[in-house]
Amino acid sequence: MTADRRTVLRTAAKLAALSAAGGLLTACGTDVPRRADPGALAAHPGTVDPQHVTDPAWNGGEGPASPAPATPAEPQPTAEATPAAAAQATAPPTPPPLPPLAPGTPVEVVYGPRTGKNVALTCHGSGDPKLATALLEIAEQRGAKLTVMVVGSWLDQQPQMARRILDGGHELGNHTQNHLNISAMTPDQARAEIAQCADRLQRLTGSIGRWFRPSAAQYATPMVREQARAVGYEHVLSFDVDPRDYNDPSAAELQRRVLNSVRGGSVVALHMGHQCTVDALPAILDGLAKAGLKPVTASQLCA
């Protein structure tokens, strides 16, 4: 073979090697998509999460550029895509257990056993969440348990308060969705007001709660009791002590109103969202303790 002929062959071999190298660089570059978990691609469009790549031949861009197998690997479902994981993500929390009520507990509870030393401080659940939280914290610092009859529209604005109340050891009840005059409604309207609040309690806490309290009324009419029962409430929670804190008296006046009226078994109606209630609660709790009375939840009062 002549020298010119050998030179031509060597040149051709070099060109072929360079072409192959160029193809290898292109195959390892980021412009060429690699097979990955379809779930990961849907969650992160245009990117590939290495933790979700199912092609065992791909090694983070390292190693030989072997061609993809003719039969794609079976996609592996991510944890987010499994039905069990999805159900767990959307399931409401487990509600705290409630003590069973004593036999003979009336359908509408106005007060508990008069021979006992327990009382129930109940609160209308609405208003400024900062004031509501301050009221809860004062009660918790003193070992007192409250029963919060919550308004559904308040939970729409402050959904975190539902779990905050339960996490403090307090009890939640239903005080209708919009706090309108439920006694003046038609049966369908009354049921809707009760059911809408119950739905929110169920979604946020895993339970509709045990108690229903009518809005804009101390006592439930037979129609309201019937609609509450249809939604799932066997008992209505009324009260025998109404210090009218919603009129914003001074803290000293509110304390006087409560302590002059309360006795064993009493159910006191207070309201969240009022500064006077926050200011008066420490003195109210001190006065109850001096009288030998213990603030418990409504369920504990009637157990």
Side-chain angles (χ1 to χ4, degrees), residues 90-98 101 107-110 120-129 131-133 135-136 145-239 242 245-246 267-274 277 297-299 302:
T90 58
T94 302
L98 294 174
L101 300 183
V107 172
E108 183 158 14
V109 174
V110 180
L121 301 181
T122 68
C123 299
H124 168 121
S126 187
D128 186 344
L131 292 177
T133 301
L135 198 70
L136 295 171
K145 304 302 181 184
L146 308 179
T147 299
V148 182
M149 307 304 297
V150 72
V151 177
S153 58
W154 186 56
L155 289 184
D156 290 340
Q157 300 170 354
Q158 308 294 337
Q160 77 285 355
M161 291 304 300
R163 291 305 310 179
R164 171 61 185 86
I165 291 165
L166 293 182
D167 289 345
H170 312 286
E171 186 173 15
L172 271 175
N174 182 326
H175 198 30
T176 76
Q177 177 63 20
N178 297 296
H179 202 259
L180 304 174
N181 184 0
I182 195 169
S183 302
M185 297 180 182
T186 67
D188 287 345
Q189 290 171 335
R191 184 185 298 189
E193 275 290 299
I194 302 168
Q196 288 173 25
C197 184
D199 288 344
R200 283 147 179 79
L201 287 169
Q202 179 70 48
R203 184 179 69 250
L204 293 172
T205 71
S207 170
I208 67 172
R210 169 175 279 164
W211 305 101
F212 167 72
R213 174 174 287 174
S215 50
Q218 182 175 359
Y219 306 110
T221 66
M223 180 274 291
V224 171
R225 287 198 298 269
E226 180 181 353
Q227 300 312 312
R229 190 179 305 111
V231 174
Y233 295 98
E234 297 295 331
H235 297 278
V236 175
L237 183 61
S238 184
F239 48 88
D242 181 10
D245 57 341
Y246 49 82
V267 178
V268 183
L270 298 170
H271 291 71
M272 289 180 160
H274 291 263
T277 310
T297 66
S299 287
C302 297

| said: With side chain to side chain contact (heavy atoms under 4.5 Å, CB included) as the criterion, how do Gln227 and Ile182 come out once you've worked through the C-alpha distance, each side chain's angles and the decisive distance to 0.1 Å? | reply: CA-CA 11 Å; Gln227 300 312 312; Ile182 195 169; over 6 Å; no

Roughly how far, to the nearest 0.5 Å, is the [atom2] atom of [Y] from the [atom1] atom of [X]?
X: Leu180; Y: Gln189; atom1: CG; atom2: CD; value: 9.5 Å
X: Met161; Y: Asp167; atom1: CE; atom2: CG; value: 10.5 Å
X: Leu155; Y: Leu172; atom1: CG; atom2: CG; value: 7.5 Å
X: Glu193; Y: His175; atom1: CD; atom2: NE2; value: 11.0 Å
X: Met149; Y: Leu270; atom1: CE; atom2: CG; value: 13.5 Å
X: Ile165; Y: His170; atom1: CD1; atom2: NE2; value: 8.0 Å

| message | Taking Ser238's backbone N and O only, do any of them form a donor-acceptor pair with Gln218's side chain (distance below 3.5 Å, no angle check)? | response | no

| said: I'd like to know if the side chain of Thr122 reaches the main chain of Val268, judged simply by a donor and an acceptor atom lying under 3.5 Å from each other, with no hydrogens or angles considered. | reply: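 Yes.
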
| Geometric class of the His124/His179 ring pair [parallel <30°, tilted 30-60°, perpendicular >60°] | perpendicular

Residue pair [X] / [Y]: nearest heavy atoms and the distance that separates them:
X: Ala220; Y: Arg225; result: O-NH1, 2.8 Å
X: Cys302; Y: Val109; result: SG-CG1, 3.8 Å
X: Thr221; Y: Ser183; result: CG2-OG, 3.9 Å
X: His271; Y: Ala269; result: ND1-O, 4.4 Å
X: Trp154; Y: Gly127; result: NE1-O, 2.8 Å
X: Ser126; Y: Val151; result: CB-CG2, 4.4 Å

In the structure I gave you, are the side-chain heavy atoms of [X] and [Y] within less than 4.5 Å of one another anywhere?
X: Trp211; Y: Ser299; result: yes
X: Arg229; Y: Glu234; result: yes
X: Leu101; Y: Arg210; result: yes
X: Ile208; Y: Asn174; result: no

| task | Check the pair Leu136, Met272 against side chain to side chain contact (heavy atoms under 4.5 Å, CB included), reporting the backbone distance first and the verdict last. | result | CA-CA 9 Å; Leu136 295 171; Met272 289 180 160; 3.7 Å; yes

| request: List the steps, then state whether side chain to side chain contact (heavy atoms under 4.5 Å, CB included) holds for Leu237 with Glu171. | output: CA-CA 12 Å; Leu237 183 61; Glu171 186 173 15; over 6 Å; no

| message | With side chain to side chain donor-acceptor pair (under 3.5 Å) as the criterion, how do Asp156 and Gln177 come out once you've worked through the C-alpha distance, each side chain's angles and the decisive distance to 0.1 Å? | response | CA-CA 10 Å; Asp156 290 340; Gln177 177 63 20; 3.1 Å; yes

| Would Leu166 and Arg163 satisfy side chain to side chain contact (heavy atoms under 4.5 Å, CB included), going step by step from the backbone distance to the final call? | CA-CA 5 Å; Leu166 293 182; Arg163 291 305 310 179; 3.6 Å; yes

